[in-house]
Amino acid sequence: MKLSRMHLKTLREVPNEAEIPSHILLLRSGMIRKLVSGVYGFMPLGWRSVRKIEDIIRQEMDQAGGQEIHMSAIQPSELWEESGRWFAYGPELWRLKDRNGREFCLGPTHEEIFTDIVRSDVSSYRQLPLNLYQIQTKYRDEARPRFGLMRSREFIMKDAYSFDKDMDGLDRSYDEMYEAYEKIFTRCGLEFRPVEADTGAIGGSNSHEFTAISDVGESEIAYCEKCHMAATVERAGCVDAQPQGEVSQLPMEEVNTPGTKTIEDVAAFLGVDKTQTIKALLFVTYDNNGEENGYVAAFVRGDRELNMTKLVNALNIPEHAIEFADEDKMSAATGCVGGFTGPTRLHDCTIVVDSELLGLKNMCAGACKEDYHIKNVNYGRDYKGDIVTDIKILAEGDACPVCGAPVKHNRGIEVGQVFKLGTKYSESMGALYKDENMQDKPIVMGCYGIGVTRTLAAVVEQHHDENGIIWPMAIAPYHVIITVMKPDDQVQSEVADSIYNQLIAAGAEVMLDDRKERPGVKFKDADLLGIPIRITVGRGAADGLLEYKMRRDADKEEVSVEDGIARAIKTINEER
Ligand code: ATP
Ligand code: MG
């Protein structure tokens, strides 16, 4: 493609709304175009890279036995009622009505649709296993769309669904998808880590997230260098502190602790360690109609952080059905007092206690009375939990739940996730097959997503410098950019055309910058666009020479036109 003919608009300035490199560079290089918050379009270069990611995904999915289909983005509410997700998915579900008042949503994911197809088409064990996938636009009305393609409201996803006779079959399907994902993200040039994950609104038992390592990522992962434990922080189990077996329980004692609303304040005031205090977190929950239906008080050791995912799992409610309570309002109903809430004097609320607190003696907790705490609070004697389970975050430096070594944290971008759904959807929606003995059995399902457009952003996040993008060859919009220093110079122009034609004839994808711009402008654009190989045709053209440079390297070399072409072809074939 000749740049003089290409629809390309690059920006010198950093757009106001963009904070992270991938967002800035994809906008500046004119690859994406914002329409409204969280909604982006793709311009010629960006779209070429999206299609290359899609092609890699298709090849690996087909290789792993997947069959591509294409379902509608629009889905009737009835199917979501059947699975129970019309409510559970919450305000992220983009709902709409037709002219007759019938309700629909724009698909954020397609479990219901695929289950519906399979329940009507599959009746016998002979038709299983089956793996169907699609690459399609998804819609999620995200609470905080941000970072461009990273968290958008309209995005492209590859979603696959596997259907098996039994759990063993599912295990095999899951492993095949897991391996396909490793190949896909490797081919896209990502440094990534598969980690154990929570199953969230999708449901099911096991899950892994594929996380591209990046400081700007929104996923926090905990991992152990000693035993290879790796999990999202939401998912990671924790080791409880050693129970204090022998210590005798002292009598409770109310103490005046004026103005000590935080754990730090009260620990300092009483001269105790934070690990000897109990922290309270107060919530209100909502029912299916969005009406308040109760209060929750969660308690963890003072130095710990509450894990929201574990809490909603323990309560068995969706994440959007709970939020921090208005403490004054909650006070009237439950006796809590903001900043001074403890578990001993609360009533009319669900008390969730972190499992670790059971073994800890003589703790300091709020007295549910302004400016007072109670010393020597003990589980069992002084308070009980309606639910007792692990609801804390595995912090950096905490003991690894597998081997006990101190864990590390890292940030990453979730580019894909695989789930073992089991029979959650086949049971609620009646997707049954007849086994060898003509018995009805629920089909065992898995589901597997890749954020195609988020992957594009993740690649840019990992492959850029201060001047622009540095595309890995496999998903670069073009392989080579030829920059002509003086397009008016007949020799330069002819040599550049000849190189251009030879490279294309050899199967390369080539851009020719024949624009009547200053060389500085062209070089800046070439760096910004991140095309892997840059060939510059200048004064040396008269002597059959060109300048050869890889975008990722600092040095350039003057070589003969023949050598330059040969070298480019070799590099492209090795890396594409
Ligand atoms: P997140 O936790 O980031 O909200 P998710 O776990 O809800 O994502 P999945 O339901 O697992 O997402 O969807 C499959 C894939 O789709 C994700 O791994 C991610 O790559 C991509 N994805 C999800 N939400 C978005 C979004 N808002 N914008 C772009 N890509 C997304
Ligand atoms: Mg996910």
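On a predicted model such as this, the values are computed, not experimentally measured, just so you know.
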Task: Centroid separation Tyr133 to His70 less than 6.0 Å - done: no
TODO: Measure centre to centre between the rings of Phe283 and Phe324, then say whether the value is under 6.0 Å.
DONE: yes
Answer yes or no: is there a side-chain heavy-atom contact under 4.5 Å between [X] and [Y]?
{"X": "Leu26", "Y": "Leu149", "answer": "yes"}
{"X": "Thr344", "Y": "Asp382", "answer": "yes"}
{"X": "Glu103", "Y": "Trp80", "answer": "no"}
{"X": "Lys420", "Y": "Met445", "answer": "no"}
{"X": "Tyr139", "Y": "Cys105", "answer": "no"}
{"X": "Arg304", "Y": "Glu356", "answer": "yes"}
{"X": "Lys279", "Y": "Phe299", "answer": "no"}
{"X": "Phe192", "Y": "Gln462", "answer": "no"}

Using a distance-only test with no angle check, is there a side-chain donor-acceptor pair under 3.5 angstrom linking [X] and [Y]?
{"X": "Asn256", "Y": "Asp371", "result": "no"}
{"X": "Thr262", "Y": "Asp265", "result": "yes"}
{"X": "Glu112", "Y": "Ser83", "result": "yes"}
{"X": "Thr334", "Y": "Asp348", "result": "no"}

Task: Intermediate values then yes/no, side chain to side chain contact (heavy atoms under 4.5 Å, CB included), Ile413 and Met150 - done: CA-CA 8 Å; Ile413 301 162; Met150 221 53 106; 3.6 Å; yes
Taking atom [atom1] of [X] and atom [atom2] of [Y], what is their separation to the nearest 0.5 Å?
{"X": "Glu142", "Y": "Ser37", "atom1": "CD", "atom2": "OG", "result": "10.5 Å"}
{"X": "Leu96", "Y": "Leu106", "atom1": "CG", "atom2": "CG", "result": "5.0 Å"}
{"X": "Tyr372", "Y": "Thr260", "atom1": "OH", "atom2": "OG1", "result": "11.5 Å"}

Tell me whether [X] at atom [atom1] has more than 12 heavy atoms from other residues, nucleotides or ligands lying less than 6.0 Å away.
{"X": "His228", "atom1": "NE2", "result": "no"}
{"X": "Glu17", "atom1": "CD", "result": "yes"}
{"X": "Asp215", "atom1": "CG", "result": "no"}
{"X": "Arg411", "atom1": "CZ", "result": "yes"}

- [ ] Check step by step if salt bridge (charged side-chain N to carboxylate O under 4.0 Å, His left out) holds for Glu254 and Arg345.
- [x] CA-CA 12 Å; Glu254 195 175 279; Arg345 292 171 180 169; 2.9 Å; yes
- [ ] For the residue pair Phe185 and Phe210, categorise the inter-ring angle as parallel (less than 30°), tilted (30 to 60°) or perpendicular (more than 60°).
- [x] tilted
- [ ] Please determine if Arg193 forms a cation-pi arrangement with Tyr223, meaning its NZ or CZ atom is less than 6.0 Å from the six-membered ring centre and no more than 45° off the ring axis.
- [x] yes
TODO: Show the numbers, then the answer: is there a side chain to side chain donor-acceptor pair (under 3.5 Å) between Thr257 and His373?
DONE: CA-CA 6 Å; Thr257 54; His373 280 82; 2.7 Å; yes
TODO: Test side chain to side chain contact (heavy atoms under 4.5 Å, CB included) on Glu292 and Lys329 and set out the steps.
DONE: CA-CA 12 Å; Glu292 287 185 11; Lys329 229 169 118 189; 3.0 Å; yes
Task: Check against ring-ring contact (aromatic ring centres under 6.0 Å, His included), Tyr40 and His23 - done: CA-CA 11 Å; Tyr40 290 83; His23 191 191; 5.7 Å; yes
Open item on the list: Working note: Arg102 + Glu78, criterion side chain to side chain contact (heavy atoms under 4.5 Å, CB included); need CA distance, chi angles, decisive distance, verdict.
Closed with: CA-CA 10 Å; Arg102 187 172 170 193; Glu78 292 85 355; 3.4 Å; yes
Open item on the list: Testing Arg301, Arg235, Lys310 one by one against Asp390 for a salt bridge (Lys or Arg N to Asp or Glu O under 4.0 Å), which residue passes?
Closed with: Lys310
Open item on the list: Once salt bridge (charged side-chain N to carboxylate O under 4.0 Å, His left out) is applied, do any residues pair with Lys138, and if so which ones, sequence neighbours excluded?
Closed with: Asp159
Task: Tyr178 and His208: CA distance, side-chain angles, deciding distance, ring-ring contact (aromatic ring centres under 6.0 Å, His included) verdict - done: CA-CA 8 Å; Tyr178 188 105; His208 285 88; 5.2 Å; yes
